S.K.: 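Right, I'll just put the structure down here and ask away after.
Throughout, a chain's letter reflects where its sequence line sits, starting with A, and its residues are numbered from 1. Treat the numbers as computed from the prediction; the structure is a model and nothing was measured.
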Amino acid sequence: MPEQSEGCQFSFDGRTIEAETGQTIAAALHNARQHVLSRSFKYHRPRGLFCMSGRCPNCLCTVNGEPNVRICMQTAEPNMRVESQNRWPSLRFDVLSVLDRLHRLMPVGFYYKMMHKPRFLWPMFEKVIRRIAGLGRIDRENGHQGRYDKLNMFTDVAVVGGGWVGLHAALEAADAGVSVTLIDDQPALGGHLRHDPDLAGENVADLLAKVMSHPKINVVDSAVVFGCYEQNYLAIQRGQRMIRLRAEQVVVATGGWDRPLVFENNDLPGNLLAGGAQRLMHLDRCSLDGTVVVVTDNAQGYRTALQLAKVGTNVAVIVEIHDTPSADAENISVLTGQTVVAARGRNHVSAAVIESVSGGSQQTIPCRWIVQAVGFTPSTSLLYQSGCTLKYDPQFDQQRVESYAAGTHSAGAVNGTHDLQACALEGRRAGWAAAAALKPAESSRDDQPAELTSALSPRAAGHYASSSPAKKKFVCLCEDVTEKDIYDAIDEGYANIETLKRYSTISMGPCQGKMCQATAIALCARKNGRTIAETGTTTARPPEQPLPLGVLVGRAVRFNLVRRSPMHSWHANAGASFMDAGAWKRPERYRNPDHEYHAVRNRVGLVDVSTLGKIELRGPDVVEFLEFVYPNRFAKLKTGRVRYGVICDEAGILLDDGTIARLEDERFFLTATTGNADAIDGWFRWWLTLKPQLDVQLTNVTSCYAAMNIAGPHSRDVLDKLCDADLTTAAMPYLAAQQFEVAGVKAIVLRIGFVGELGFEIHVPSQYGLHVWRAMMDAGKDYGIKPFGVEAQRRLRLDKKHILAGHDTDALTNPLEADLPWIVKLDKTDFIGRWSLERVKRRGPLNRLVGFRIEGNRVPDEAALVIHNGKLSGRVTSARYSPVAGAVVGLAWVPIEESSNGDTIQIRLDGQLLPAVVQDEPFYDPDGKRLKE
Amino acid sequence: MMTGATPIAAGPLIHVHRRCGATIEVVDGWELAVRYPTEPGVGENAIVDMSHQSVHEVSGASTGEVLQSLCGVDVPIRSVHTAEQRQVYRPTDTRGLIFGDVTLPGAIDVTGGWSSVALFGPDARTVLNKISGLDLRDETLPPSHCCQGPVFGVNTLFGRLEDQYQLHACPDVLEFLWEVILDAGAEFNLKPAGLN
């Protein structure tokens, strides 16, 4: 054991544990003889360290309130609070471990067959299942304290995997002059070489030094590439950060991991993968107390056994699956042609039962650890995701690339290459190929690293599971799926690997198949009497490794796009409550919308309409364009006049409404509904592209102008104080559009009104919006001016039966049925939607948007149903109480046969039917005198 | 009759600066944050509100000729020409934007439609990489070049000058953009600085 270095303390289920500096939590617990770390998902069996590389589910714990942390990868820090999961009341004594004895009642797919009869018991079963299902608990009180964010990166070549192969690939590509990003999931480069020091010797240090100092290589460590998307867009998790890496070329050098052996009680604490044992030894400086049995079919098992023996561990025997030893065992006994068929023990391995591979008598060897080195599962997920096709190669006993996706290369163990020299060459060739793809003119075949000419001896076919009829032979550690479960599921008809996966849930747990998929495929093949190649695989999808949702969302939860008008700060200081209008924040009310309403009707009010879409059209052909995109006429719109218009699509459906002002002979100023500016801009540009012969210049000036509408009997008086213009009706009649200074600022002033009072809409450059607004409020003090918000505005406009596009209209609304037949000029040459509107007119309208009036003060909800003879016949779109009408007024869609003036319709409210009378004329100032005075 | 108050222009961040205790002065008709209580030092990461600039737009088939006559040199597509206290951007073949005072027949004054911030410091690019998926590397956006792209959904015009990145967007989203940039720059100690 090395010298004790300065460390720290943390707690595990309330027990204080010492950890050395840099040691993982798992290693510290191992040193403290805490070998049971969790309880399994279904049977609540004790589980302990297994892979020590963040892939199996055995060491998932809650750390400082964060659930499902793989403590074999988490460095211990002072005062950490580590808690085991999935146990009650404690890890040592878990009540639900009784389920292990009731496994006969919980066969594969049992939840599809049980607990839903009798039906009345299901709610009870559901509560119980919810309580015991799942892994880890979310701290709902404190929430997550993390800060997630994102980072975008770009590189010429991305090398995924910083082991022996990846290092060579990165160096070769960088030496060729391209930028390289080398990503590895460990805190230091080297891959397996870090925990298997006998592999490459001193060469590694030189190689590492070259890579770390190379100016063209950017190393991203402790980072997991969890997804490969189109065009080599790699999604990477690094702690709480998601890195989006866009690479021109990708080299996959992800290697793989040890494959578990399936035998009875192979999930007991004390079972370790060889790599896990090596990591404990060489990275965490831990030893294995007691006797070790190594079961293997390859040289790694022998290396592991010898390394264990070197540090003083008692290695009782190497159980060699092949008939001859795979390597030199030196002084350690080797039993050939044998395999482990069972582990004995209660909460920890106490013995290994071995048997000949071909069957026969058994031998029990007392031990505390069973180290497994029986094969290798390549990490091919990213290759699949990138679009490569792979095929099972029985000579290599793994999936291997058959064809590469564009821009993708692979090398090393992921290809089935394990010889160190061959791996280095493969890595260099892949790096060279990636660089050459980017610099073909500068690369020559002579530069390409030579191919290894000596024949490689691929690994023999693997040994997946011992042949014994025992029940507790776990294939999937995450979901507690046994070999028997797999065979039973196949017997039930789920013989296809995809349906087997879904029915048994194998490979659907935290490991996502890393520990179990290869074995599951082999067992499925064996049971079906087919080959592994014929059995196929399931589909690999991101994320390759589970990750918190926060990593995907980043800071987006906190930052939703917000658009604010230039006067926003004034509204906020005035106590406005804001509402969302698309991304815009609009004042809904200041204090009391009733007061705001009355201020407009009786004195003067000011509303911020900066959110309106605004478009400028200039050029000699603007009129022709307007005639085409609007169903109404513009040829005779004079300079200095403004007109209301609607925009329809080819089906005659109303897209938007707004105003069109002719400021100069070839300059028009258009407005559109809040939030629709970009859509209308796009719509106009689309049609201008289709009509290149039109000389029209379009500029979206939505944000260029702040806009406000002053309305009320005294609006002219207020505006008069701020300008020199003649605002009398003679000089500026209703629907006039003029340009003059307001409060010293050049303004576009339209005499229009949405709320039914004398009013002016003022557009000024947005940098002066606050100045003009303040000037208006100041000038209006003597007249009792009030700012009014959207709520008051909606009440006011409803008095006049003015529609809100997108609120009173929908994707089926045409202007003929929206009570705007006067706007459609079918005698024009052509316009968008003409053909469809002609058909509507010929057919006659089927529905109509009507105004209605309800005596009393019961206001139906918007979208309240209109009922006729007990059946749904329409819906309310807007409704408010109107003080000036002394009744509830609103707009509703009704069938044409119920839409005549004076007709009574029935509106459902709180289960009752409310009679409402259809009214054609506006509820207030029907002749528009107040508007036009 | 007209009130006598001289119009004062204000950018969309003025109330943010005021709230943070910045010294506000009126310069050339604009309310500006000239100094922050704690300013970043030389060589540190800083963000400055540049929303007080005039902005004019040139568009159409003759954009190239118009910009060339203004600048005296050809202004290639996606480039930024800097001279005489102004930057001339040409993001596309038929569109040019001039930030800074200019008198140019045919150009439309779109000052109200643009607001700008400038990012300085050794980590400016990394800060932008946290909030935008644009490739801002030297080979794709060298100095004196520009590009357009989204930042948290905001369509933004990026300009790379020798010592700074400029971001231009609609004024109604600039406060949002400012918050996003400061949040991303927090780990690099990014601080707002006044115009002084």
S.K.: Relative to the ring of B:Phe152, is the ring of A:Phe559 parallel (under 30°), tilted (30 to 60°) or perpendicular (over 60°)?
M.R.: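 If you compare the ring of A:Phe559 with that of B:Phe152, the planes turn out perpendicular.
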S.K.: What part of A:Ser179 lies closer than 4.5 angstrom to a heavy atom of chain B: side chain, backbone, both or neither?
M.R.: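 The side chain, not the backbone.
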S.K.: Would you say that B:Arg18 contacts A:Ser569 through its side chain, given a criterion of any heavy-atom pair below 4.5 Å between the two side chains?
M.R.: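 Contact flag for B:Arg18/A:Ser569 side chains = no.
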S.K.: For a 4.5 angstrom cut-off between non-hydrogen side-chain atoms, does A:Arg563 reach B:Phe176?
M.R.: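 Side chain of A:Arg563 against side chain of B:Phe176, heavy atoms only: no contact under 4.5 Å found.
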S.K.: Is there a side-chain contact (heavy atoms from CB on, under 4.5 Å) between B:Thr126 and A:Leu151? Walk through the geometry before answering.
M.R.: CA-CA 8 Å; B:Thr126 308; A:Leu151 179 67; 4.1 Å; yes
S.K.: Tell me, side chain or backbone of A:Arg244 under 4.5 Å from chain B's heavy atoms, or both, or neither?
M.R.: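 Nothing of A:Arg244, per the 4.5 Å heavy-atom cut-off to chain B.
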S.K.: Give the member of B:Ser115, B:Ala184, B:Gly133, B:Gly153 that has the highest number of heavy-atom pairs under 4.5 Å with chain A.
M.R.: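 Top count of heavy-atom pairs under 4.5 Å with chain A: B:Gly133.
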S.K.: If we define contacts as heavy-atom pairs under 4.5 Å, which of B:Ala9, B:Gly11, B:Ser51, B:Gly60 has the most with chain A?
M.R.: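 The option with the most such pairs is B:Ala9.
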S.K.: Which bit of A:Thr699 is near chain B, if near means a heavy-atom gap under 4.5 Å: side chain, backbone, both or neither?
M.R.: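 Contact with chain B is through the side chain of A:Thr699 alone.
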S.K.: Say whether, by atom type as modelled, one donor and one acceptor occur between the side chain of B:Asp172 and the main chain of A:Ser565 under 3.5 angstrom.
M.R.: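 Answer holds: no.
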S.K.: Does any part of the side chain of B:Lys130, heavy atoms only, come nearer than 4.5 Å to the side chain of A:Asp149, both counted from C-beta?
M.R.: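 In contact.
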S.K.: Tell me the closest heavy-atom pair linking A:Asn152 and B:Ser132, and the distance in Å.
M.R.: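 Taking A:Asn152 first and B:Ser132 second, the nearest heavy atoms are ND2-O, 2.6 Å.
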S.K.: In Å and rounded to the nearest 0.5 Å, what is the CD to NE2 distance from B:Glu31 to A:His771?
M.R.: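 These two atoms lie 11.0 Å from each other.
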S.K.: Going by atom types alone, do A:Gln697 and B:Ser59 pair a side-chain donor with an acceptor below 3.5 Å?
M.R.: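 There is such a pair between these side chains.
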S.K.: Measuring from B:Ser54:OG to A:Gln767:CD, what's the distance to the nearest 0.5 Å?
M.R.: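 Spacing of OG (B:Ser54) from CD (A:Gln767) equals 8.0 Å.
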S.K.: Verify the neighbour count for atom CD of B:Glu139: are there more than 12 heavy atoms of other residues, nucleotides or ligands below 6.0 Å?
M.R.: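 More than 12 heavy atoms, drawn from other residues, nucleotides or ligands, come within 6.0 Å of this atom.
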S.K.: Under a 3.5 Å distance rule, please check whether A:Ser703 uses its side chain to pair with a backbone N or O of B:Gly113 as donor and acceptor.
M.R.: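 No; zero donor-acceptor contacts below 3.5 Å.
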S.K.: By a 4.5 Å heavy-atom criterion (distance strictly below it), what part of B:Trp30 contacts chain A: side chain, backbone, both, or neither?
M.R.: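 Interface part for B:Trp30: side chain.
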S.K.: Within a radius of less than 6.0 Å around CG of B:Asp138, do more than 12 heavy atoms belonging to other residues, nucleotides or ligands occur?
M.R.: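 For B:Asp138, atom CG is crowded (more than 12 foreign heavy atoms under 6.0 Å).
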S.K.: Select one option (side chain, backbone, both, neither) describing which atoms of A:Asp726 are under 4.5 Å from chain B's heavy atoms.
M.R.: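 Neither the backbone nor the side chain of A:Asp726 comes within 4.5 Å of chain B.
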S.K.: Restricting to pairs with a member in residues 34-43 of chain B, which pass side-chain hydrogen bond (donor to acceptor under 3.5 Å, both in side chains), not counting sequence neighbours?
M.R.: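 Pairs touching residues 34-43 of chain B that pass the test: B:His17-B:Tyr36.
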S.K.: Can you tell if the side chain of B:Asp135 reaches within under 4.5 Å of the side chain of A:Arg246, non-hydrogen atoms only?
M.R.: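 Side-chain contact under 4.5 Å: no.
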S.K.: Salt bridge or not for A:Arg241 and B:Glu187, using N-O below 4.0 Å?
M.R.: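 Looking at B:Glu187 together with A:Arg241, the answer is yes, because their closest N to O distance falls below 4.0 Å.
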S.K.: For A:Arg555 and B:Asp183, work out which heavy atoms get closest and say how close.
M.R.: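 Looks like NH2-OD1, 2.7 Å.
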S.K.: Considering non-hydrogen atoms only, spot the tightest contact between B:Ile108 and A:Arg618 and give its length.
M.R.: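 Closest heavy-atom pair between B:Ile108 and A:Arg618: CD1-NE, 3.9 Å.
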S.K.: In residues 156-164 of chain B, which residues are in contact with chain A at a heavy-atom separation under 4.5 Å?
M.R.: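 Heavy-atom contacts from residues 156-164 of chain B to chain A are absent.
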S.K.: Considering all heavy atoms of both residues, which atom of B:Asn129 and which atom of A:Phe154 are nearest to each other, and what is their separation?
M.R.: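 For B:Asn129 and A:Phe154, the tightest heavy-atom pair comes out as OD1-CE1, 4.4 Å.
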S.K.: Less than 4.5 Å apart, side chain to side chain, heavy atoms only: is that true for A:Val562 and B:Glu175?
M.R.: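 They are not in contact (no side-chain heavy atoms under 4.5 Å apart), so the answer is no.
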S.K.: Output the distance between atom NZ (A:Lys746) and atom CG (B:Asp109), rounded to the nearest 0.5 Å.
M.R.: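 The NZ atom of A:Lys746 sits 8.0 Å away from the CG atom of B:Asp109.
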S.K.: Ignoring hydrogens, what is the shortest heavy-atom contact between A:Val745 and B:Pro7? Give both atom names and the distance.
M.R.: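 Of all heavy-atom pairs spanning A:Val745 and B:Pro7, the closest is CG2-CB, 3.5 Å.
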S.K.: Would the number of heavy atoms belonging to other residues, nucleotides or ligands and lying under 6.0 Å from CD of B:Glu25 be above 12?
M.R.: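 Yes, the 6.0 Å shell around CD holds more than 12 heavy atoms from other groups.
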